[in-house]
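Structure, as structure tokens:
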Amino acid sequence: MTSSKYVRSFKQSNLVFSLIFLLLVSGYAGTAAFLEGGHTALMKLTVLFVSCMLLLGGVRNWTLRRQITSFMDSVDEMVDRAIHGREKMTHFDETSLSSLEHKLWRYIEINKANEQNLETEKNTIKELISDISHQTKTPLSSIMMYSQLLAETPELSGNTRLLLNEIETQSEKLEWLITSLVKLSRLEAGMITLQSTASPVIETITRAVSHIYTRAENKGIDLQIECDPLTRARHDHKWTSEALFNLLENAVKYTEAGGTIRISAESNEMFTRIDISDTGIGIQKDELEHIFKRFYRGCSARDYEGIGIGLYLTQKIISIQGGFITAASEAGKGTKLAVFLPQI
């Protein structure tokens with residue numbers, strides 16, 4: 001029950017008690033006057049009794065209000081002292097207020113300890129991420145460099161060259177995976193702060209499209225962009241373009257040759273909506289609620305290359321900026337993903 005409900009409940013109870021008290025006193029006075037007729041002494045005594053009862057009731061009501069006000073002021077002072085770490089007010093007296101203050105201090109101490117533990121864990125994660133990034137980058141770069149050097153050897157046999165190409169491909173996938181995991185971990189650990197500013201979204205969309213344009217062209221996919229240059233949203237240009245790139249990359253991957261990918265943007269009072277729709281393989285309806293989970297891949301997507309982290313990373317980037325993503329799809333008829341970015 002909230003404090004306002006407690007106040008209303010107290011006022012209602014006090015009103016009901018006062019009404020019952022007045023009814024009982026007035027009922028007694030009326031009954032006494034009716035039974036005894038016009039007996040002057042009894043009437044004076046009744047009036048005196050009623051006056052005393054009303055006075056006592058008023059004093060009791062005033063005293064109760066003062067006690068409650070004093071108690072609330074004490075609680076307010078106690079909470080303020082506990083929050084700012086000042087000296088305790090009750091010094092462990094044998095009262096309910098002292099017990100409440102002791103529990104409040106314990107609660108605040110536990111919260112502070114939890115915050116310190118979280119900060120320690122956060123720093124540990126930062127160090128771990130930095131170590132992973134540093135320790136894996138050098139050997140992976142060496143593998144890719146040696147693969148490229150071997151590929152330049154003219155006397156390699158056909159099978160050897162196929163195996164070498166596979167090594168290069170898997171090394172590039174491993175590099176992308178490590179880079180994505182490091183980015184995701186840094187975002188989740190709060191190591192990266194997104195700088196959101198109100199700016200046109202056409203530049204962000206164009207940047208994302210530029211990274212997948214060649215692949216789409218090689219598959220004969222028609223890319224269509226419908227966006228007013230004045231359409232704006234509050235977003236981080238770099239990170240939002242990466243989020244859109246992940247969506248567009250999936251659209252190119254799961255759309256057959258000769259298909260169409262359409263990107264459109266429009267604004268309303270609260271959000272700017274960016275739609276990315278394709279004519280690809282689509283997603284089963286029962287899988288839509290899972291596609292933004294980490295490492296999740298639908299049944300129809302398992303025949304394609306991927307690890308299922310792109311959509312999770314995209315949702316993380318958009319949600320940090322105060323936006324959200326929705327998905328609509330039909331198996332065999334394509335998918336439509338809508339990104340909502342805040343206006344303010």
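Small disclaimer: the values here were computed from a predicted structure and weren't measured.
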(request) Please indicate whether Tyr296 has more than 12 foreign heavy atoms, meaning atoms of other residues, nucleotides or ligands, lying under 6.0 Å from its OH. (result) yes
(request) Work out which heavy atom in Thr204 is nearest to a heavy atom in Leu244; give both atom names and the distance. (result) CG2-CD1, 4.1 Å
(message) Hydrophobic clustering (ILVMFWY, side-chain heavy atoms < 4.5 Å, transitive) - are Leu194 and Leu341 grouped together?
(response) no
(message) Can a side-chain donor-acceptor contact be found between Thr314 and Asn246 if the only test is distance below 3.5 angstrom?
(response) yes
(request) Before accepting this row, confirm whether a basic side-chain N of the pair Glu109/Arg106 lies closer than 4.0 Å to the acidic partner's carboxylate O. (result) yes
(message) Hydrophobic cluster membership, with links at side-chain heavy-atom distances under 4.5 Å among I/L/V/M/F/W/Y: are Leu313 and Val252 in one?
(response) no
(request) Say whether, by atom type as modelled, one donor and one acceptor occur between the side chain of Thr169 and the main chain of Asn165 under 3.5 angstrom. (result) yes
(request) Report yes if the side chains of Ile225 and Ile202 come closer than 4.5 Å at any heavy-atom pair, otherwise no. (result) yes
(message) Check for me, please, whether Val209 and Ile276 land in the same ILVMFWY cluster - side-chain distances under 4.5 Å, paths through other members count.
(response) yes
(request) Please examine the side chains of Gln321 and Arg234, heavy atoms only from C-beta on, and report whether any two atoms are closer than 4.5 Å. (result) no
(message) I want to check something: taking the side chain as every heavy atom from C-beta on, are Ile281 and Glu256 in contact at a cut-off of under 4.5 Å?
(response) yes
(message) Would you say that Leu149 contacts Tyr146 through its side chain, given a criterion of any heavy-atom pair below 4.5 Å between the two side chains?
(response) yes
(message) Regarding Glu152 and Gln148, do their side chains bring together a donor and an acceptor under 3.5 Å, going by distance alone?
(response) no
(message) Applying side-chain contact (heavy atoms from CB on, under 4.5 Å), can you list everything that pairs with Thr179, at least two apart in sequence or on another chain?
(response) Glu175, Lys183
(request) For Lys219, look at atom NZ and say whether over 12 heavy atoms of other residues, nucleotides or ligands are found less than 6.0 Å away. (result) yes
(message) Classify the ring geometry of Phe271 against Phe324: parallel below 30°, tilted from 30° to 60°, perpendicular beyond 60°.
(response) perpendicular
(request) Check Leu164 against Ser147 and note the closest heavy-atom contact, atom names and distance. (result) CD2-O, 3.6 Å
(message) Ignoring hydrogens and geometry beyond distance, is a side-chain donor-acceptor pair present between His237 and Ser199 at under 3.5 Å?
(response) no
(request) For Thr260 and Thr255, work out which heavy atoms get closest and say how close. (result) N-CG2, 4.2 Å
(message) Around atom CG of Asn159, are there more than 12 heavy atoms from other residues, nucleotides or ligands closer than 6.0 Å?
(response) no
(message) For the CG atom of Leu311 and the CG atom of Leu337, what is their distance to the nearest 0.5 Å?
(response) 6.5 Å
(message) Once side-chain contact (heavy atoms from CB on, under 4.5 Å) is applied, do any residues pair with Ala251, and if so which ones, sequence neighbours excluded?
(response) Ile261, Asp278
(message) Is there a path of hydrophobic side-chain contacts, each under 4.5 Å between heavy atoms, that joins Phe245 and Tyr312?
(response) no
(message) Nearest 0.5 Å, please: how far is CG in Leu247 from OG in Ser277?
(response) 11.5 Å
(request) Kindly indicate whether the side chain of Tyr254, heavy atoms from C-beta on, has any atom under 4.5 Å from the side chain of Ile283. (result) no
(message) Could you check whether any side-chain heavy atom of Ile212 comes within less than 4.5 Å of a side-chain heavy atom of Leu223, counting everything from C-beta outward?
(response) yes
(message) I need the Ile274 CD1 to Glu266 CD distance, nearest 0.5 Å.
(response) 11.0 Å
(message) For residues Ile320 and Ile317: do they belong to one hydrophobic cluster (side chain heavy atoms under 4.5 Å, members Ile, Leu, Val, Met, Phe, Trp, Tyr)?
(response) yes
(message) I'd like to check Thr272 versus Gln343 (side-chain heavy atoms, cut-off strictly below 4.5 Å). Are they in contact?
(response) yes
(request) Give the minimum heavy-atom separation between Gly334 and Ser329, together with the two atoms involved. (result) O-OG, 2.9 Å
(request) Over all heavy atoms of both residues, which pair between Thr153 and Arg161 is shortest? Give the atoms and the distance, please. (result) O-NH2, 2.8 Å
(request) Inspect the contact between Glu242 and Arg207 and indicate whether a charged nitrogen and a carboxylate oxygen are less than 4.0 angstrom apart. (result) no
(message) Under 3.5 Å, is there a donor on one side chain and an acceptor on the other for Gln224 and Asp222?
(response) yes
(request) Answer yes or no: is there a side-chain heavy-atom contact under 4.5 Å between Val201 and Arg232? (result) no
(request) Taking all non-hydrogen atoms of both residues into account, name the closest pair between Ile318 and Ile325 and its distance. (result) CG1-CD1, 3.9 Å
